[in-house]
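Written out below as structure tokens is the structure these notes cover.
What you see below is based on every heavy atom in this structure, not just the backbone, and it leaves out hydrogens, waters and symmetry mates.
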Amino acid sequence: MWQSDKSGALRGPADWTYPPTLSPADRYARRRLGWEIAIVLLVSVGQSAIYSVVSFVRAATRAPISQQQTQLNPSRSAEPLWDAIYQFLDIFFSLALVALAVYLLWEPANNALRRIGLDFRRFGGDLLRGVLLVVLIGAPGIGVYAIGRSIGQSITVIPAPLDSSWWVIALLVLAALRAGLTEEVIFLGFLFDRLRRLGWSWTGIIVSTALLRGSYHLYQGWPSALGNVVMGLVFGWCYRRWGRVMPLVIAHTIIDIVAFVGYPLAAAWWPAIFAPPAPASTPTPTP
């Protein structure tokens, strides 16, 4: 199980090192861990990362990046009530994948939520750390997107409208919580545990999960992907240091709430930077 030393850094049994010669049981356990990692990634963040890379390549081979758009939390139905139902079901089933990762981390007499620090034992400290991370990561992230737009390398992100129905903001908050739990529990809680058991170094784990996080967001353009790599490095270091995923879930959720709910306001206040470009007008033929 994970333990914390006096500095709060994560430690495991013998720090998850293996003897030079593995027994058949150890080799089987390593193969099983490899398959487990692959399956979890292919049904969750890894699948999304592949789609994101394909989407970016497709966009790069078409019109200029600056002229293309992608939508956050796109509508799933023209009827508001059914759209809300579909949105809620999408969030629910995404959280089921988070539950799967936690279930796989569970061991006899070893609570997985407590081991990765996804509980409310230290909520005050977790909240403070989360807010500090929002200041450290959130504001520069907005700047990265604005710079990407200004140099024509970021795809225009279209936010969900806030005025369609009364429940829209509640669903956007749930979507932000879904993103925070999905990325931080799987990227940090699950992958850190499994890769460390396979004998990976802490540096290798932090860098590889940060790169995966960046590819997960490549559909927004390479500046946003690079910004998320930096975010992954910072979050990975913090998780390695604190041994708790809760402050990172809090920070990620707040950042996404600001993005999902605050972005339409930013588009209205600074349309040159955040609003989508107006469609090109077609000249009327002269009779």
Inset, instruction - Taking only Lys NZ, Arg NE, NH1 and NH2, and the carboxylate oxygens of Asp or Glu, determine whether Asp26 and Arg30 approach each other closer than 4.0 Å. - result: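 Between Arg30 and Asp26 there is no salt bridge, as every charged N stays at least 4.0 Å from the carboxylate O atoms.
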Inset, instruction - Check the angle between the aromatic planes of Trp202 and Phe192 and answer parallel, tilted or perpendicular using the 30° and 60° thresholds. - result: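 Trp202 and Phe192: tilted rings.
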Inset, instruction - Could I get the full list of salt bridge (charged side-chain N to carboxylate O under 4.0 Å, His left out) partners for Arg31, not counting sequence neighbours? - result: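 So Arg31 forms no salt bridge (charged side-chain N to carboxylate O under 4.0 Å, His left out) with any residue.
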Legend entry - Qualifying residues under salt bridge (charged side-chain N to carboxylate O under 4.0 Å, His left out), relative to Arg114, sequence neighbours excluded: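 Salt bridge (charged side-chain N to carboxylate O under 4.0 Å, His left out) check on Arg114 returns nothing, list empty.
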Within a strict 4.5 Å, meaning less than it, do heavy atoms of the [X] and [Y] side chains meet?
X      : Y      : result
Ile116 : Leu188 : no
Val45  : Thr182 : yes
Asn228 : Tyr216 : no
Leu233 : Ile206 : yes
Leu211 : Ser215 : no

Legend entry - Of all pairs that satisfy salt bridge (Lys or Arg N to Asp or Glu O under 4.0 Å), the ones with a partner from residues 218-235, not counting sequence neighbours: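 As it turns out, there is no salt bridge (Lys or Arg N to Asp or Glu O under 4.0 Å) pair with a partner in residues 218-235 once direct neighbours are skipped.
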Legend entry - Within residues 70-81 or reaching into it, pairs that qualify as salt bridge (Lys or Arg N to Asp or Glu O under 4.0 Å) - sequence neighbours excluded: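 Output for this query lists Arg76-Asp90.
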Legend entry - Test side chain to side chain contact (heavy atoms under 4.5 Å, CB included) applied to Ala112 - qualifying residues, sequence neighbours left out: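 Ala112 satisfies side chain to side chain contact (heavy atoms under 4.5 Å, CB included) with Val102, Leu105, Trp106, Arg115 only.
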Inset, instruction - With sequence neighbours excluded, give me every ring pair (Phe, Tyr, Trp, His ring centres under 6.0 Å) pair touching residues 217-237. - result: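 Sorted result for residues 217-237: empty, none.
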Legend entry - side chain to side chain contact (heavy atoms under 4.5 Å, CB included) assessment of Phe88 paired with Ile91: CA-CA 5 Å; Phe88 179 80; Ile91 294 169; 5.6 Å; no
Legend entry - Separation between CD1 of Ile250 and CD1 of Ile255, rounded to the nearest 0.5 Å: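 CD1 of Ile255 is found 12.0 Å from CD1 of Ile250.
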Inset, instruction - Please list, chain by chain and in numerical order, all residues satisfying ring-ring contact (aromatic ring centres under 6.0 Å, His included) with Phe120, sequence neighbours excluded. - result: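 For Phe120 the ring-ring contact (aromatic ring centres under 6.0 Å, His included) partners, ignoring immediate neighbours, are Phe123.
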Inset, instruction - Could you work out the complete set of other residues in the hydrophobic cluster of Leu97, with links drawn between I, L, V, M, F, W and Y side chains under 4.5 Å apart? - result: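 Same cluster as Leu97: Val43.
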Inset, instruction - Specify the closest pair of heavy atoms between Trp82 and Ser77, including all atoms of both residues, with the distance to one decimal. - result: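 Smallest interatomic distance, heavy atoms only, reads CB-OG, 3.8 Å.
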Inset, instruction - Name all residues meeting the side chain to side chain donor-acceptor pair (under 3.5 Å) criterion together with Asp119; count only those two or more places apart in sequence or in a different chain, and write none if there are none. - result: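 Side chain to side chain donor-acceptor pair (under 3.5 Å) list for Asp119, sorted by chain: Arg121, Arg244.
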Show me the donor-acceptor pairs, under 3.5 Å and distance only, between side chains in residues 127-140 and residues at least two apart or in other chains.
none

Inset, instruction - Sorted by first residue and then second, give each side chain to side chain donor-acceptor pair (under 3.5 Å) pair with at least one member in residues 93-103; sequence neighbours left out. - result: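 Listed once each, the pairs are Ser94-Arg178.
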Legend entry - Of all pairs that satisfy side chain to side chain donor-acceptor pair (under 3.5 Å), the ones with a partner from residues 35-57, not counting sequence neighbours: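 Only Arg32-Glu36, Glu36-Arg194 qualify under side chain to side chain donor-acceptor pair (under 3.5 Å).
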Inset, instruction - Check the pair Trp242 / Leu248 against side chain to side chain contact (heavy atoms under 4.5 Å, CB included), numbers first and verdict last. - result: CA-CA 10 Å; Trp242 300 335; Leu248 308 170; 4.2 Å; yes
